Amino acid sequence: MAYEWWIGARYAGLARVGRGGRRGDRFVSFVAASSMAGIGLGVAALIIVLSVMNGFQTQVRDRMLSVLPHIELYVQGGNHQQVLDHWQDLAQAAKEDPDVRGAAPFVAAQAMLARGQSLSGVQIRGIDPAIEPQVSDLKGQLESGALDSLSPGSFHVIIGSQIAQSLGLMVGDTVLMLAPQGSISPAGFAPRMRQFTVSGVFATGYYEYDATLAFVNVQDAARVFRDSGVSGVRLRIADMQQAPQVARRVLNLMPSGVQAMDWTQNNRTWFAAVQTEKRMMFLILTLIVAVAAFNLLSSLVMAVKDKQSDIAILRTLGATPGEIARIFLIQGSLIGVVGTAAGVALGTLTAYNIDVIVPWIERLLGIQFLPQQIYFISELPSNPQVNDIAVIGVTSLVLSLLATLYPSWRASRLQPAQVLRHD
């Protein structure tokens, strides 16, 4: 081993000579160990927090897509009944793409639900209950009622749990649905309205959808909203992450006048906000690693100050300024590498086992971090991403390397004659 590596490892506390060691060596090793611990804890905290944020994003996304399709093909301004009569042609064309797994017709519109003195604006989705399981998991989200109750001409509606709570509705109750279009008579404008019977209540755990979504039979929706809304085909694909690419390919298979919208476009604002929050959290928590890097810089400056005599002796024995600089570059790099590796190992291990660690802490302290009645989930989700872990590790290594440059340069500039004269 080149002597620079041996001395650098010794100063970093990773190599020893004989038994015990000088008091100064023990102090330098202690400071180096503190720097390693700071870097390791910062890296671990960053990995754990970003993994939990990824877990929350994944859970919310999955709950959103439990009632929404991956891709929607719609004919803007087209007659609903004509679209429903020929929706299988669009579905057959879409299924030419190998990633398309299911297709079902839909009618989408906005409406008002009225119950007594209470009103609630909702998004109405007309669906075919026999085919809907091919494109969504609505059937598995039902708290009460049955999806098959949405038979043609029954004018039944399945509403979100928050709508049921705000309007005081239960299965079997009636509610008045008002369409935005109506007719003009001598008495004035009269909105189109129809009485529906609540036949089911669903809960996704995502407040916005539970408070704004309602499902009716696609034929009933076509009758009530014949002058408003859009109609088309809902698609489910093999990999939801590929929805934008699949949507573009499917659109090329469609006739003119058909438009495609994937789930990332329908929820663009929410996902943009989550990504912004994740980036800000990364920057904020990176400051922890930066503080640890400054601690490393301080410890190297102290090591250079403590080892001035050793540096002077090495210089008199023929060591060049570059070799002296490499000793402290190696010391700082070893501290950064070992600290980063320990932090990545600790953070990854915790992130992958957080479903075991958090319940153990809750039992130990007798508290519950995520009450289910508030957060709709009872377990802290975690989804470690290899890309995030790699970026965190590289960032920590770069900061550690930058922290070693000044102390190494300062050590290489020491003049042995001046140091030995004062000693």
Side-chain angles (χ1 to χ4, degrees), residues 1-48 283-315 319-347 392-416 418-420 422-423:
M1 181 187 296
Y3 80 92
E4 298 103 312
W5 282 92
W6 184 80
I7 296 175
R10 179 184 175 186
Y11 287 171
L14 302 177
R16 294 186 180 277
V17 178
R19 298 180 180 177
R22 291 188 304 169
R23 185 174 182 180
D25 290 343
R26 291 197 298 269
F27 174 73
V28 171
S29 298
F30 172 77
V31 174
S34 300
S35 301
M36 289 181 193
I39 294 173
L41 290 175
V43 169
L46 195 49
I47 291 175
I48 294 170
L283 293 176
I284 292 171
L285 292 178
T286 301
L287 294 177
I288 299 177
V289 182
V291 169
F294 277 112
N295 185 29
L296 173 59
L297 186 150
S298 301
S299 67
L300 290 177
V301 171
M302 293 173 59
V304 171
K305 183 71 174 177
D306 186 68
K307 299 300 181 181
Q308 285 185 356
S309 299
D310 294 355
I311 296 171
I313 293 172
L314 288 172
R315 289 295 305 277
T320 64
E323 292 172 342
I324 298 298
R326 280 197 295 272
I327 289 174
F328 291 95
L329 278 172
I330 290 169
Q331 178 189 357
S333 299
L334 287 175
I335 293 173
V337 169
V338 174
T340 300
V344 169
L346 176 62
I392 293 169
V394 171
T395 302
S396 175
L397 291 175
V398 170
L399 291 176
S400 300
L401 181 60
L402 292 176
T404 65
L405 296 180
Y406 171 72
S408 302
W409 174 82
R410 183 173 177 180
S412 67
R413 300 289 294 177
L414 288 176
Q415 299 299 322
Q418 295 180 0
V419 173
L420 293 176
H422 287 90
D423 284 351

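Quantities reported herein were computed from a predicted structural model and do not represent experimental measurements.
Across every non-hydrogen atom of S396 and I39, the tightest pair is OG-CG2, 3.3 Å. The heavy-atom pair separating L285 from A45 by the smallest distance is CD1-O, 4.2 Å. In this structure, I288 and G42 approach most closely via the heavy-atom pair CG2-CA, 3.5 Å. Closest approach of S35 and L296 over heavy atoms only: OG-CA, 3.7 Å.
For S333, the side-chain contact (heavy atoms from CB on, under 4.5 Å) partners two or more places apart in sequence, or in a different chain, are L401.
Inter-residue side-chain proximity for Q331 and I335 is flagged as met; some heavy-atom pair is nearer than 4.5 Å. A heavy-atom distance below 4.5 Å is not found between the side chains of L283 and L287. Proximity of S412 to S408: side-chain heavy atoms (C-beta onward) are nowhere separated by under 4.5 Å. For the pair T286 and T395, the minimum side-chain heavy-atom distance is below 4.5 Å.
Within the model, atoms CE of M36 and OG1 of T340 stand 10.5 Å from one another, a figure rounded to the nearest 0.5 Å. Atoms CG and CG, from L399 and L297 in turn, are 11.5 Å apart once rounded to the nearest 0.5 Å.
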Could you give me the CA-CA distance, side-chain angles and deciding distance for I47 and V344, then say whether side-chain contact (heavy atoms from CB on, under 4.5 Å) is met? CA-CA 7 Å; I47 291 175; V344 169; 4.2 Å; yes
Intermediate values then yes/no, side-chain contact (heavy atoms from CB on, under 4.5 Å), L314 and I324: CA-CA 8 Å; L314 288 172; I324 298 298; 3.9 Å; yes
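Checking each of L329, N295, T404 against L300 for a side chain to side chain contact (heavy atoms under 4.5 Å, CB included) leaves exactly one that passes, namely T404.
Side-chain atoms of S298 come within 3.5 Å of backbone atoms of F294 as a donor-acceptor pair (strictly under, hydrogens ignored).
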